[in-house]
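Below: the structure, in structure tokens.
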There are 2 protein chains.
Amino acid sequence: MPDDQPRDPLSLDAQLCFAVYAASRAITGLYRDLLAELGLTYPQYLVMLVLWERGPVPVKELGAALHLDSGTLSPLLRRLEAAGLVSRERSGSDERVVHAALTGRGSAMRERAERIPEQVLCATGLGTADARALHALLDRVTSSLSADAPPEGASACQPPPQEDRA
Amino acid sequence: MPDDQPRDPLSLDAQLCFAVYAASRAITGLYRDLLAELGLTYPQYLVMLVLWERGPVPVKELGAALHLDSGTLSPLLRRLEAAGLVSRERSGSDERVVHAALTGRGSAMRERAERIPEQVLCATGLGTADARALHALLDRVTSSLSADAPPEGASACQPPPQEDRA
DNA sequence: CACAACTTGATTGCGCACAACTGAATCGGT
DNA sequence: ACCGATTCAGTTGTGCGCAATCAAGTTGTG
């Protein structure tokens, strides 16, 4: 679909960054529908995924896994706790850390969430190979960007070792 | 990097949807830094892109271009107006529609924004070909998802015409 | 022990996103 | 001309994201 020719830099720019932004919101919207019956939002669902997979974890670890800080997680966990899905308690060995753990209701919800993934993959309209390729590209972008915040007028921006050109 | 084997559905699920989510936030963070000197947020920058490209447009058209509704755009435009970058006025021919237009300061800012795109593309660590491929995949996802909200227990979810399988 | 540096989570404030609603203006059919 | 349905922007309320700040707890050093 993208015809191109590097024409207006600002228009071309809108393309890739906006494509990610629009896709992200579209996916979130899809989850909004699927998660409505569970009473979860998409970020809440992500937290539940981590808890289902790892069991009780410190808030810090949740933040590392999801790239979120306490300013986001604290109220989110409060809501999950109010919903009876999660409990929080301070560690005995280190009073600074708070462990988030699943309640019975929280654990039980896993079963109901299990059919969501395939519904999502289906709705994206992507095949296995495409999904895999997309995932790999996105991971490269994310790791490139979260590697560091280049100081200022910084990096000479030499395009990274690249095979071909248009 | 993704080793795989369809193992835990919930874990595999976290992968693609979360990859988009994480990448989107990483990109927004990059823009946050780049746009700080212009005093713009990323969504505000997107609005400016549309105005730089199309000139005065109704709020409705902005919403269609960015997939945003008036609940997001009204306060955003108010802030751009307060910053002296944008003006709003009701159409003469149809009093319902409000046209957003650039002020002199708003138009002038375009020049300063012109070098942002290449900085972003560089920071993603992607080459031209990869960026193009990523863009195409994201467009497919976005259009598949925004096509419609499948009613309920709906679609039999047959993977769309696909070439190969693992 | 004393004390500074660090870690961890919570809080505050602001700006999106989005659903739901309001109210004004327009359009369609009669 | 009238009246119901529709369109458009705005407002309200909830829930993220993230910067900045804070307080409590821990660790390292003398």
Side-chain angles (χ1 to χ4, degrees), chain A residues 18 21-33 35-36 39-48 57-83 86 88-100 145-146 149, chain B residues 18 21-33 35-36 38-48 57-64 66-83 86 88-100 145-146 149:
Chain A
F18 179 66
Y21 170 76
S24 177
R25 296 204 346 262
I27 290 180
T28 302
L30 171 61
Y31 275 95
R32 199 187 329 281
D33 298 337
L35 294 174
L40 293 176
T41 66
Y42 177 60
Q44 287 167 8
Y45 169 74
L46 293 178
V47 168
M48 295 297 283
V57 290
V59 173
K60 181 78 187 296
E61 187 175 334
L62 274 178
L66 303 175
H67 306 165
L68 292 172
D69 67 5
S70 66
T72 300
L73 288 174
S74 286
L76 190 157
L77 289 171
R78 188 193 334 287
R79 282 184 283 271
L80 286 179
E81 193 171 32
V86 160
R88 284 187 291 175
E89 61 177 326
R90 297 219 165 254
S91 164
S93 59
D94 186 339
E95 288 287 341
R96 290 172 304 179
V97 340
V98 170
H99 290 278
L145 292 182
S146 54
Chain B
F18 179 66
Y21 171 76
S24 177
R25 295 204 346 263
I27 290 180
T28 302
L30 171 61
Y31 274 94
R32 199 188 326 283
D33 297 337
L35 293 174
L38 299 183
L40 292 176
T41 65
Y42 178 59
Q44 286 167 8
Y45 169 75
L46 292 178
V47 168
M48 295 297 284
V57 290
V59 173
K60 182 75 187 298
E61 187 175 334
L62 275 177
L66 303 175
H67 307 165
L68 292 172
D69 67 5
S70 66
T72 300
L73 288 174
S74 286
L76 190 157
L77 289 171
R78 189 194 334 289
R79 283 184 283 270
L80 286 178
E81 193 170 31
V86 160
R88 285 186 291 176
E89 62 177 326
R90 299 222 162 250
S91 164
S93 58
D94 186 339
E95 289 286 341
R96 289 172 305 181
V97 340
V98 170
H99 290 279
L145 292 182
S146 54

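Sequence lines set the chain letters: A, B, ... in the order given, protein chains first and strands last, and positions in each chain run from 1.
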Problem set entry | Side-chain-base donor-acceptor pair under 3.5 Å for T41(B) and dG15(C) | no
Problem set entry | Residue closer to the 5' end of DNA chain C, G71(A) versus R79(B) (nearest nucleotide) | G71(A)
Problem set entry | Within-4.5 Å side-chain heavy-atom neighbours: L40(B) and Y31(B) | no
Exercise. Base, sugar-phosphate alone, or nothing: which one does P58(A) contact when heavy atoms must sit under 4.0 Å apart?
Worked result: sugar-phosphate
Exercise. Base, sugar-phosphate alone, or nothing: which one does H67(A) contact when heavy atoms must sit under 4.0 Å apart?
Worked result: sugar-phosphate
For this session: Look at the side chain of R90(A) and the backbone N and O of R96(A), then say whether any donor-acceptor pair between them is shorter than 3.5 Å.
Result: yes
For this session: Send over the distance from L77(B) CG to dC8(D) P, rounded to a whole Å.
Result: 16 Å
Exercise. Of the nucleotides dT11(C), dA9(D), dG9(C), which has the atom closest to the V98(A) side chain?
Worked result: dG9(C)
Exercise. Touch check for L76(B), heavy atoms < 4.0 angstrom, all strands: base, sugar-phosphate only, or nothing?
Worked result: sugar-phosphate
For this session: Have a look at S91(B) and say if it touches a base, only the backbone sugar-phosphate, or nothing, with a 4.0 Å heavy-atom cut-off.
Result: nothing
Seminar exercise, completed: Between CG of D69(A) and P of dC14(C) the distance, given in whole Å, is 17 Å
Problem set entry | N or O in side chain of Q44(A) less than 4.0 angstrom from dG15(D) OP1/OP2 | no
For this session: Let me know the distance between CG of L66(B) and P of dA17(C), rounded to the nearest Å.
Result: 10 Å
Problem set entry | Along DNA chain C (nearest heavy atom to each residue), the more 5'-positioned of R32(A) and T72(A) | T72(A)
Exercise. Quick one: is dG15(C) close enough that its OP1 or OP2 comes under 4.0 Å of any side-chain N or O from Y42(B)?
Worked result: no
Exercise. With a non-hydrogen cut-off below 4.0 angstrom, is S74(B) in contact with a base, only sugar-phosphate, or nothing?
Worked result: base
Seminar exercise, completed: Of D94(A) and T28(B), the one whose nearest nucleotide on DNA chain D sits closer to the 5' end is T28(B)
For this session: Write down the distance between NZ (K60(A)) and C1' (dG25(D)), rounded to a whole number of angstrom.
Result: 14 Å
Exercise. Could you give the CG-to-P distance, from L35(B) to dC16(C), as a whole number of Å?
Worked result: 11 Å
Seminar exercise, completed: Taken to the nearest whole Å, CG/L40(B) to P/dC14(C) is 19 Å
For this session: Assign S24(A) to base, sugar-phosphate, or nothing according to its heavy-atom contacts below 4.0 angstrom with the strands shown.
Result: nothing
Exercise. To the nearest 0.5 Å, how far apart are CG in L68(A) and CG in L76(A)?
Worked result: 8.0 Å
Problem set entry | Atom-pair distance (CZ on R88(B); C1' on dC8(D)), nearest Å | 13 Å
For this session: Test for a donor-acceptor pair under 3.5 Å between the base of dT7(C) and the side chain of R96(A), counting only N and O atoms.
Result: yes
For this session: Identify the nucleotide, in any strand shown, that forms a Watson-Crick or G-U wobble pair with dT6(D), with both distances under 3.5 Å; if there is none, say none.
Result: dA25(C)
Problem set entry | Minimum heavy-atom distance L66(A)-R25(B), with the two atoms named | O-NH2, 3.3 Å
Seminar exercise, completed: Atom CZ of R90(A) and atom P of dA23(D) are separated, to the nearest Å, by 15 Å
Exercise. Quick one: does L46(B)'s side chain get under 4.5 Å of Y21(A)'s, heavy atoms only?
Worked result: yes
Exercise. Short question: side chain of D33(B), backbone of A36(B) - any donor-acceptor pair under 3.5 Å?
Worked result: no
Problem set entry | Selected nucleotide, minimal atom distance to S70(B) side chain, candidates dT11(D), dG25(D), dA10(C) | dT11(D)
